[in-house]
Number of protein chains: 2
Amino acid sequence: MTIFVYCIQNGYLVTMKISSSDLGKQAYHKVKQMIVSKKLLPGQKIVQEQLAEQLGISRTPLRDALQRLEAELLVESIPRRGVVVRQFNDREIVEIYECRIALEVTAVRLFAEKAQQSQIDGLRKLLEPFEHTNEIDEKAYQKADSNFHDTIIKRSGNQFLYQLFQKGNLLVCIDAIGLVRPPKETLQEHLDIVTAIHNRDGAKAASLLKEHLEKSKRLIVENPGYEN
Amino acid sequence: MTIFVYCIQNGYLVTMKISSSDLGKQAYHKVKQMIVSKKLLPGQKIVQEQLAEQLGISRTPLRDALQRLEAELLVESIPRRGVVVRQFNDREIVEIYECRIALEVTAVRLFAEKAQQSQIDGLRKLLEPFEHTNEIDEKAYQKADSNFHDTIIKRSGNQFLYQLFQKGNLLVCIDAIGLVRPPKETLQEHLDIVTAIHNRDGAKAASLLKEHLEKSKRLIVENPGYEN
DNA sequence: ATACAAAAATTGTCATTAATTCTTTTGGAA
DNA sequence: TTCCAAAAGAATTAATGACAATTTTTGTAT
């Protein structure tokens, strides 16, 4: 399918084609979705021809997609053996958390210092539905939580940091891990962070977020089954 | 070419073939080298057929390589338009530095807390050739500097962090940027950091490294030509 | 059960074809 | 003539299918 877009460029009306024919990128998103939604299980081998047929494409764009996913550490490719969905053990999850803390704390400081007021308000709005209520829908909260952290990183103003988050796939991994602590506990922490941002207190926001994330990390470390 | 490796696996002698036939990975390393060594210039378009012929391979493995390099942010692919070598402006270099600071400060804390004594000694040895001398060879120092920081990250014990550094290509970018400050200035800072690590003072090492990197970052920001 | 050999499945690579973009040429109006 | 727009042609990328190399599975004999 091809879509035509008309726009003004250098004062002239130009027609631009936006072709949705990039099978590689499409496949990338689909396979990523399949991994996150556990349709492809960790450790499972991906048979290329089979999956390609399932997606209705040939192997070349699928291989492109797998290449990307390997770079994002979501799959592992062993030459001549094939590609398997990567699985993270507890030690690796803690490693991921440590990286996340390092980058996200930096992001929140930048956000507090530079973000526009409307962006701060937007962040605040994400939390509203869950205030003043006892029955918190876990699924909705998880989504809001994910959005909350994503917004801070995306709007930090440091685009490279955001790319690193995506390419390093920290967000996806963290989504896959799911909620570590109950909403009741984390909601207040989120609110406090927003307050600090609102006051443009970057250092305070950073230390609050750090403690917020460290708590979750500690829970994973102290989890039975964690091997040091 | 095929190489056979003999090794003991589960108590049995096993022969393993290591085929260097992975053209994709080979091409990846070659092209990466070409970018770092400026044989392919920033902004330059890569014509796939041309480069493939130059490397003596077909376009399929070259595309694999470019896919990887795109994930590492070293090249940029515009669908149906081609692949160009990515160039970083000052603003992006600062962004890269901010990410580097976040991750490397975390790494040095872990290193100070967990590293074996021999690793700390190894770090110290890297600096020795440049002490007690007035004539510092810039090139040799740059290599030592690069090794110094690489060691801290690699031996932090957090493998994911190291992968993130590689995939995010922070190290390569930083190598490409080169020395920001004169050796005389940074050598003493490096020595102080080693001392803190030697004393297992993670917090001290972290704050010293942070200041060390922040100084370089500030120099870039204050550089004429930096657009905020 | 174990070890080996043959068969099947799967991956990596290439050459070809189709689709898209870029460049040049052509034609017409100011 | 000069400028712009449309059309034709060349160049380049994307995708498909086919083939060869390699691994995994299956079957058979020890």
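Protein chains get the first letters and strands the later ones, always in sequence-line order, with residue 1 at the start of each. Because the structure is predicted, anything quoted here is derived from the model rather than measured. The figures that follow rest on heavy atoms only: side chains count, while hydrogens, waters and symmetry mates do not.
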Check your understanding: Okay, side chain of B:S146, backbone of B:Q142: is any donor-acceptor separation there less than 3.5 Å?
Key -> no

Not counting sequence neighbours, which residues clear side chain to side chain contact (heavy atoms under 4.5 Å, CB included) with [X]? List them please.
{"X": "B:K215", "answer": "B:R181, B:E189, B:E211, B:R218"}
{"X": "B:Q159", "answer": "A:R91, A:E95"}
{"X": "B:P129", "answer": "none"}
{"X": "B:E138", "answer": "B:L179, B:P183"}

Restricting both atoms to N or O, compile the protein contacts to nucleotides 6-11 of chain D shorter than 3.5 Å, with distance only.
none

Review point. Which residue pairs pass the ring pair (Phe, Tyr, Trp, His ring centres under 6.0 Å) test when at least one of the two sits in residues 64-115 of chain B, sequence neighbours left out?
Key: none

Can you tell me how far [atom2] of [N] sits from [atom1] of [X], to the nearest Å?
{"X": "A:R81", "N": "C:dT11", "atom1": "CZ", "atom2": "C1'", "result": "12 Å"}
{"X": "A:R80", "N": "D:dT22", "atom1": "CZ", "atom2": "P", "result": "6 Å"}
{"X": "B:I78", "N": "D:dT13", "atom1": "CD1", "atom2": "P", "result": "12 Å"}

Review point. Counting side-chain heavy atoms from CB outward, which of D:dA14, D:dA15, C:dC22 is closest to A:L23?
Key: D:dA15

Review point. Who pairs with A:F160 by ring pair (Phe, Tyr, Trp, His ring centres under 6.0 Å), at least two apart in sequence or on another chain?
Key: none

Exercise for review: Can you sort out the partners of A:K154 under salt bridge (Lys or Arg N to Asp or Glu O under 4.0 Å), two or more places apart, ordered by chain and number?
Suggested key: none

Review point. Under a 4.0 Å heavy-atom cut-off, which of residues 42-66 of chain A touch DNA chain C?
Key: A:K45, A:I46, A:V47, A:Q48, A:R59, A:R63

